[in-house]
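Some notes on the structure that comes next.
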Amino acid sequence: MSDLGYDPWSAGFVADPYPVFAELRAERPVFFHEPTGQWVISRYEDVDALLRDRRLGRSYLHVGGHEEFGQEPEAEFLKPFWDLIRAGMLDVEPPTHTRLRRLVSKAFTARMVEGLRPTIRRLAGELAGALADEGGGDLLADVAEPLPVNVIAEMLGVPVEDRPLLRPWSADICGMYELNPPEEVQRTAVRAAVEFSDYLRELARSRRSEPRDDLISALAQVADEGDRLTEDELIGTCVLLLNAGHEATVNATGNGWWTLFRNPGELERLRSDELLVPTAVEELLRYDTPAPMFERWVLEDITVSGVDIPRGAEVALQFASANRDPEVFADPDRLDLGRDPNPHITFGLGIHYCLGAPLARIELAESLSALLRMAPGLRLVSEPEWKPGFVLRGLQALRVQC
């Protein structure tokens, strides 16, 4: 049967997957995609339910081995990468996930995140002001990328002189999350994982002995009934916070402004009423989702929209498609910066709901406000090109004039 144009390696699909998603929701909401070996699921109702369903997991290793789930054993050279990633909470399941999330949440609190707002506002203002002073530039490289990197670095306590290391490490590690990455990308991710781990291990040890007012120190000290994060868990958590709190936020900023430039009426509406910024952030996250797909492993046989999916299968939950489902969102292909309610699932649902969602919302709002205020005539210079990846979907650059 036809897959109706679903091709996550196609430049055309990456640039605009939404017409294909509309057809999939209508005609093939659940189907097996041979090239990726995944069951593709595109309707909001199904994606919403499966994100909360404990018969699925980010990993299967807590219930069975690779062979049992029909997977090849991981190559030996990948061990440093997976040791690092599985020391954090993203790719583990309860009870390990429950324990890690509880401990990390004791340090990464809502109060701590809100306390970062003045710093985020200052950084966003400095970056937007510099862009305006230059008369324009690449909005991604000049504003979208440095803001979350500097915020995460400030939050973790990474010294200023070391912060240029973070963006390349994060980008290289995240290359592993694309579909079927080539060996060269995998080896680059391993190298970055080793270098970043070594760096954080040294930093964490210094903060255990001489704590400061930063998140690494807080994570090193946090304890719950005698339980505390191991050194490997602390490092895995810091890497997760950088990667998850950075890559998607950069893409959300770039995708959001590209959306605004293509919807000049809504951009003018926002420029005339900055009180719309909070709902605008939510609508931009819905309209062009920066992390459009998340994968889960099927731990027990399930049935989705009448289709049986066996234990051991992998599902590809299409967040971007769910966020355009007309069963949930009125006129979903129309950008409405005042849309309310807006139950998008960009940050996920269930136990793996994004821990950094409040921080991302603050960063996006402050960045948007700063650019509206300091570059009120911001306009597009040339149509951007998309990076080749689909799992973390973003632009190569966004050239603008002020």
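Quantities reported herein were computed from a predicted structural model and do not represent experimental measurements.
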Nearest heavy-atom contact between Leu355 and Met89 is CD2-CE, 4.3 Å

I'd like to know if Asp214 pairs up with Arg212 as an ion pair, taking the criterion as any Lys NZ or Arg NE/NH1/NH2 lying under 4.0 Å from an Asp or Glu carboxylate oxygen. no

Supply the atom-to-atom distance Asp48 CG to Asp53 CG, rounded to the nearest 0.5 angstrom. 11.0 Å

Find out whether the Lys NZ or Arg CZ of Arg286 is both under 6.0 angstrom from the six-membered ring centre of Phe329 and within 45° of the ring's axis. yes

Glu231 and Arg201 ion-paired at < 4.0 Å: yes

State whether the side chain of Thr279 and the backbone N or O of Leu337 hold a donor-acceptor pair below 3.5 Å, judged by distance alone. yes

Residues at least two apart in sequence or cross-chain that pass salt bridge (charged side-chain N to carboxylate O under 4.0 Å, His left out) with Glu183, listed by chain then number, are Arg187

Result of checking Arg99, Arg228, Arg86 against Glu233 for salt bridge (charged side-chain N to carboxylate O under 4.0 Å, His left out): Arg99

In short, Leu215 meets Met112 closest at the heavy-atom pair CD1-SD, 3.9 Å

side-chain hydrogen bond (donor to acceptor under 3.5 Å, both in side chains): pairs with one or both residues in residues 110-121, sequence neighbours excluded: Glu114-Arg117, Arg117-Glu366, Arg121-Glu366

Given Tyr60, which partner from the list Glu93, His66, Glu314, Arg296 fulfils the side chain to side chain donor-acceptor pair (under 3.5 Å) test? His66

Looking at Glu145 and Arg167, is any side-chain nitrogen of the basic one under 4.0 Å from a carboxylate oxygen of the acidic one? yes

Side chain to side chain contact (heavy atoms under 4.5 Å, CB included) for Leu284 and Asn255? Distances and angles first, verdict last. CA-CA 8 Å; Leu284 293 169; Asn255 298 3; over 6 Å; no

Measure the CZ-OG1 distance between Phe390 and Thr36 for me, rounded to the nearest 0.5 Å. 10.5 Å

Taking only residues at least two apart or on different chains, which pairs with a member in residues 390-400 satisfy side-chain hydrogen bond (donor to acceptor under 3.5 Å, both in side chains)? Asp288-Arg393

Answer whether the closest heavy-atom distance between the side chains of Phe81 and Gln186 falls below 4.5 Å. no

Test item: Thr109 side-chain N/O and Lys106 main-chain N/O as donor-acceptor pair under 3.5 Å: no

Does CD in Glu161 sit with more than 12 non-hydrogen atoms of other residues, nucleotides or ligands closer than 6.0 Å? yes

Might you point out which heavy atoms bring Pro148 and Ala144 nearest each other, and give the distance in Å? CD-O, 2.9 Å

4.5 Å side-chain heavy-atom contact, Met155 and Leu359: yes

Please check this pair: side chain of Ser105 against backbone of Arg101, looking for a donor-acceptor N/O pair closer than 3.5 Å. yes

Scan side-chain atoms only and decide if Asp46 and Ser305 contain a donor-acceptor pair under the 3.5 Å cut-off. yes

Tightest non-hydrogen contact, residues Val113 and Pro358, listed as CG1-C, 4.1 Å

Are a donor atom and an acceptor atom from the side chains of Asn323 and Thr346 found within less than 3.5 Å of each other? yes

Once you round to the nearest 0.5 Å, how far does CG of Leu200 lie from CZ of Arg205? 12.0 Å

Could you tell me how the ring of Phe21 sits relative to the ring of Tyr6: parallel (under 30°), tilted (30 to 60°) or perpendicular (over 60°)? tilted

With a 3.5 Å distance limit and no angle check, can you tell me whether Arg271 reaches the backbone of Pro376 through a side-chain donor-acceptor pair? yes

Less than 4.5 Å apart, any side-chain heavy atom of Arg54 and any of Pro94? yes

Look at the aromatic rings of Phe261 and Trp257 and report parallel, tilted or perpendicular, splitting at 30° and 60°. tilted

Would you sort out whether Cys238 and Leu234 count as a side chain to side chain contact (heavy atoms under 4.5 Å, CB included), showing the intermediate values? CA-CA 6 Å; Cys238 291; Leu234 188 155; 3.9 Å; yes

Using 4.0 Å as the upper bound for N to carboxylate O, is an ion pair formed by Glu266 and Arg269? yes

Quick check: does any side chain N or O of Arg43 sit under 3.5 Å from a backbone N or O of Arg25, one acting as donor and the other as acceptor? yes

Can you tell me if CG on Asp213 sees more than 12 non-hydrogen neighbours from other groups inside 6.0 Å? no

Can a side-chain donor-acceptor contact be found between Asp333 and Tyr18 if the only test is distance below 3.5 angstrom? no

Roughly how far, to the nearest 0.5 Å, is CG of Asp91 from OG1 of Thr96? 12.5 Å

Could you tell me whether a side-chain N or O of Glu385 sits under 3.5 Å from a main-chain N or O of Ala397, the two making a donor and an acceptor? no

Under 4.5 Å between any side-chain heavy atoms of Arg324 and Tyr44, yes or no? no

For a 4.5 angstrom cut-off between non-hydrogen side-chain atoms, does Phe69 reach Leu299? yes

Give a yes or no answer on whether the side chain of Arg55 reaches the backbone of Glu300 with a donor-acceptor pair at less than 3.5 Å. no

Keeping the roles fixed (side chain from Asp142, backbone from Leu131), state whether a donor-acceptor pair exists under 3.5 Å. no

Check: Ala193 main-chain N/O paired with Ser197 side-chain donor or acceptor under 3.5 Å: yes

Nearest-0.5 Å distance, CD of residue Gln401 to OG of residue Ser382: 9.5 Å

Keeping Arg58 on the side-chain end and His352 on the backbone end, is there a donor-acceptor pair under 3.5 Å? no

Using a 4.5 Å cut-off on heavy atoms from C-beta on, say whether the side chain of Leu364 contacts that of Thr249. yes

Side-chain heavy-atom pair Ile152, Leu166 within 4.5 angstrom cut-off: no

Taking side chain as C-beta onward, heavy atoms only, is Leu378 less than 4.5 Å from Leu372? no

Got a salt bridge between Arg311 and Glu68, using NZ or NE/NH1/NH2 to carboxylate O under 4.0 Å? yes

In terms of heavy-atom contacts, Val158 and Arg163 come closest through O-NE, 2.9 Å

Between Ile309 and Val304, does the side chain to side chain contact (heavy atoms under 4.5 Å, CB included) criterion hold? Intermediate values first, please. CA-CA 7 Å; Ile309 302 178; Val304 183; 4.0 Å; yes

What one should report as the nearest heavy-atom pair of Val143 and Ser367 is CG1-OG, 3.9 Å

Could you walk me through whether Val307 and Trp39 pass the side chain to side chain contact (heavy atoms under 4.5 Å, CB included) test, one step at a time? CA-CA 10 Å; Val307 178; Trp39 290 86; 3.6 Å; yes

What distance separates Thr253 OG1 from Leu368 CG, expressed to the nearest 0.5 Å? 8.5 Å

